[in-house]
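Right, one structure below, let's go through it.
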Amino acid sequence: MASLPPRQLHLNVNILHSGFVPSAWRTREADPRAFIDVQHYIRVAQIAERGKLDAVFLADNAAIIDQIHFRPITALEPTVLLASVAAATTHIGVIGTASTSYNEPYNIARRFASLDHVSGGRAGWNVVTTADVASARNFGLDAVPDHGRRYARASEFTDVVKALWDSWEDDAFIGDKAAGRFIDPAKVHPIAHRGEFFDVQGALTLPRSPQGRPVLVQAGASADGRELASRHAEAVFSASQSLEESMAYRQALNSRAAALGRGPHAVKVLAGLTTFIGATEVEAIRRRDDFIDAIPWDYSLTRLAGTLGTTPDRLQLDQPLPENLSVPAGGNGNHTFFAATIALARRKNLTVRQLIRELGGGGGHRIIVGTPEQIADDIALWFEAGAADGFNLMPDALPDGLTDFVDGVVPLLQRRGIFRTEYSGRTLREHLGLPFPAGRAAARKAA
């Protein structure tokens, strides 16, 4: 029996406009207009491609939910922006976010299938539900739909999108000039979906892409979020703050996916990771402190209070978090960052001031401050222990924080033999080691 190939570490970069830290736009090298400058995103993607990273990732919001008096926001629509990024790169994957709460399946299926064709099979869709009131009000609602209802809609939404992506058989396109045959209509199938939330006839207007269909990505720590990921996701962005927490999350997710008939390793877990890199540990700490000292405390308190579903006046800088905190909006808010933030604060017994510094200004992802060697050691530890299949990188500032990672950390990971030195394929599925998905007709014949 042939042995399995060694596991491959996966690395994405989350292009959070000027960087993860809210004050990143204030550095001497930063361009305050980078958040709406396509060339900024292209430069970051090209640096990531030079480092042989799997993909770039764009978050998205359907409303202004950050404090725009102080920092840039996610502004440009992801698929439009990523089409430009794809045109300026050759290998790196392009993953964009789109909400199932305020879109329709046919439009999302068409938009991401188009991006997949434009990029030559490098696209991924990050499936999210939307939990903020501001977004609901932008779509004619006075309140956020119930958590369970949002996820039920998301699951059916994703089923419909997958069916649309598979509505053309792989050989439906003919293009025979001599015979005058363009498409074999017998191999283009209406999906005729009628469900609780959607009625969609189909088929899609596009044939399957070079990777079959876009990669499905998801992020969510709630029970509903994990169920959605177990059923549909091929990669998950997680927010675990400890190795043990991430190990348990990864094992539970794949156990559930296996119970659903998807196999024991169906879902790649990519843990969120922010890095502050210096030539020495002292230099890295100084870099971290300079960034955080440039953030007004009222900004960080307001941001942390939003994550915790409370008001800033309840958070005392030199006291621990209040004891009686619960998931925002009566359980209808963001479970992922709430749980990660509470776990970190309780585990380390942090005051609010210490917690804000640990979170790089009030965010919810794990942070490493250190030399390239220290960061490579930490990444290797998590990967080799089975706590993560890779990381969704969020450098402190962009593009220089990513340049420091690509030039300093990536060569160390390559020397350890856990990260590629060259791309072995062209598609995002090939980068992630995911199989080519069988189309609907092929799956039906196999059954």
Side-chain angles (χ1 to χ4, degrees), residues 11-35 40-41 43-48 50-51 53 56-57 66-67 70-72 239 241 271-301 303-304 317 340-341 344-345 348 350-382 391-413:
L11 296 172
N12 292 344
V13 60
N14 186 354
I15 309 182
L16 286 166
H17 29 79
S18 297
F20 175 81
V21 185
S23 58
W25 66 276
R26 300 182 68 190
T27 63
R28 187 182 63 214
E29 301 84 5
D31 176 7
R33 295 184 62 83
F35 79 117
H40 167 72
Y41 294 88
R43 281 193 296 273
V44 173
Q46 289 173 337
I47 293 167
R50 178 165 63 81
L53 272 60
V56 298
F57 164 65
D66 211 329
Q67 304 169 64
F70 177 69
R71 77 171 300 178
Q241 287 283 350
L273 181 64
T274 292
T275 54
F276 292 85
I277 303 174
T280 66
E281 186 174 0
V282 169
E283 183 181 307
I285 292 171
R286 184 184 305 118
R287 179 179 173 94
R288 188 271 314 272
D289 290 346
D290 287 346
F291 273 111
I292 295 176
D293 289 344
I295 308 169
W297 282 106
D298 63 344
Y299 170 90
S300 296
L301 277 171
R303 186 181 185 196
L304 180 60
L317 282 174
T341 302
L344 175 63
K348 293 192 173 184
L350 300 173
T351 66
V352 170
R353 189 188 305 273
Q354 291 167 334
L355 178 61
I356 286 171
R357 298 193 84 84
E358 286 273 339
L359 293 173
H365 284 287
R366 191 169 72 97
I367 289 174
I368 308 178
V369 183
T371 64
E373 291 78 10
Q374 289 172 315
I375 290 166
D377 286 345
D378 185 279
I379 286 174
L381 173 65
W382 275 53
F391 295 87
N392 198 30
L393 302 173
M394 286 163 283
D396 50 13
L398 292 170
D400 60 306
L402 179 61
T403 299
D404 291 343
F405 188 94
V406 164
D407 292 342
V409 180
V410 166
L412 300 176
L413 299 172

Worksheet item: With a 4.5 Å limit on heavy-atom distance, are the side chains of R366 and I368 in contact?
Response: yes
Discussion item. I'd like to know if R303 and D66 make a salt bridge, using a cut-off of under 4.0 Å between side-chain N and carboxylate O.
Written reply: no
Worksheet item: Just wondering, do L53 and N12 contact through their side chains at under 4.5 Å, heavy atoms?
Response: no
Discussion item. Assess the residue pair V13 and N392 against the criterion (side-chain contact (heavy atoms from CB on, under 4.5 Å)); give the C-alpha distance rounded to whole Å, side-chain angles, the decisive distance to 0.1 Å, and a yes or no.
Written reply: CA-CA 6 Å; V13 60; N392 198 30; over 6 Å; no
Item to complete: Identify the two heavy atoms, one from A24 and one from A30, that lie closest to each other, and give their separation to 0.1 Å.
Response: O-CB, 3.5 Å
Item to complete: Apply side-chain contact (heavy atoms from CB on, under 4.5 Å) to the pair T403 and R50, showing each step before the final yes or no.
Response: CA-CA 10 Å; T403 299; R50 178 165 63 81; 4.2 Å; yes
Worksheet item: In terms of side-chain geometry, is the basic nitrogen of R286 or D293 positioned less than 4.0 Å from the acidic oxygen of its partner?
Response: no
Worksheet item: Under the criterion side chain to side chain contact (heavy atoms under 4.5 Å, CB included), which of T371, D377, D378 is the partner of Q374?
Response: T371
Worksheet item: OH/Y299 to OG/S23 distance, rounded to the nearest 0.5 angstrom?
Response: 9.5 Å
Worksheet entry | Carboxylate-amine/guanidinium contact D396 R287, below 4.0 Å | yes
Worksheet item: Side chain of E281, backbone of G370: donor and acceptor closer than 3.5 Å?
Response: no
Item to complete: For residues 23-33, pull every pair meeting salt bridge (Lys or Arg N to Asp or Glu O under 4.0 Å), keeping only residues two or more places apart or in separate chains.
Response: none
Practice prompt. Show your working on side-chain contact (heavy atoms from CB on, under 4.5 Å) between L301 and V352 and close with a plain yes or no.
Written response: CA-CA 8 Å; L301 277 171; V352 170; 3.8 Å; yes
Fill in: Nearest-0.5 Å distance that lies between atom CZ in F276 and atom CG in D289
9.0 Å
Worksheet item: Parallel, tilted or perpendicular: which fits the ring planes of F391 and W382, with parallel below 30° and perpendicular above 60°?
Response: tilted
Practice prompt. Could you check if a side-chain atom of L402 sits within less than 4.5 angstrom of a side-chain atom of I15, using non-hydrogen atoms only?
Written response: no
Worksheet item: Got a second to check how far D404's CG is from I375's CD1, nearest 0.5 Å?
Response: 9.0 Å
Worksheet entry | Which atom of V410 lies closest to which atom of G51, heavy atoms considered | CG1-O, 3.7 Å
Response to the item:
Shortest non-hydrogen pair, R288 vs R357, comes out as CD-O, 4.3 Å
Worksheet entry | Heavy-atom check, side chain of I379 versus side chain of L273, under 4.5 Å | yes
Worksheet item: Does W25 use its side chain to pair, donor to acceptor, with the backbone of F35 at less than 3.5 Å?
Response: no
Practice prompt. Mind listing the closest non-hydrogen atom pair of P395 and G401 along with its distance?
Written response: CB-C, 3.7 Å
Discussion item. Taking M394's backbone N and O only, do any of them form a donor-acceptor pair with H365's side chain (distance below 3.5 Å, no angle check)?
Written reply: no
Worksheet, complete the sentence: In this structure, CZ of F405 is separated from OG1 of T275 (nearest 0.5 Å) by 6.5 Å
Practice prompt. Heavy atoms only: give me the nearest P22-F70 pair and the separation to one decimal.
Written response: O-CE2, 3.6 Å
Practice prompt. Please test I277 against V409 for side-chain contact (heavy atoms from CB on, under 4.5 Å), starting from the C-alpha separation and ending with a verdict.
Written response: CA-CA 9 Å; I277 303 174; V409 180; 4.1 Å; yes
Response to the item:
Heavy atoms of V56 and A48 approach each other most closely as CG1-CB, 4.3 Å
Item to complete: Rounded to the nearest 0.5 Å, what's the gap from CG on L398 to CD1 on I47? Could you check?
Response: 8.0 Å
Worksheet item: Taking atom CG of L355 and atom CG of L317, what is their separation to the nearest 0.5 Å?
Response: 11.0 Å
Discussion item. I'd like to know if the side chain of S300 reaches the main chain of W297, judged simply by a donor and an acceptor atom lying under 3.5 Å from each other, with no hydrogens or angles considered.
Written reply: no
Worksheet item: Is the backbone N or O of Q354 less than 3.5 Å from a side-chain atom of E358, with the two atoms forming a donor-acceptor pair by type?
Response: no
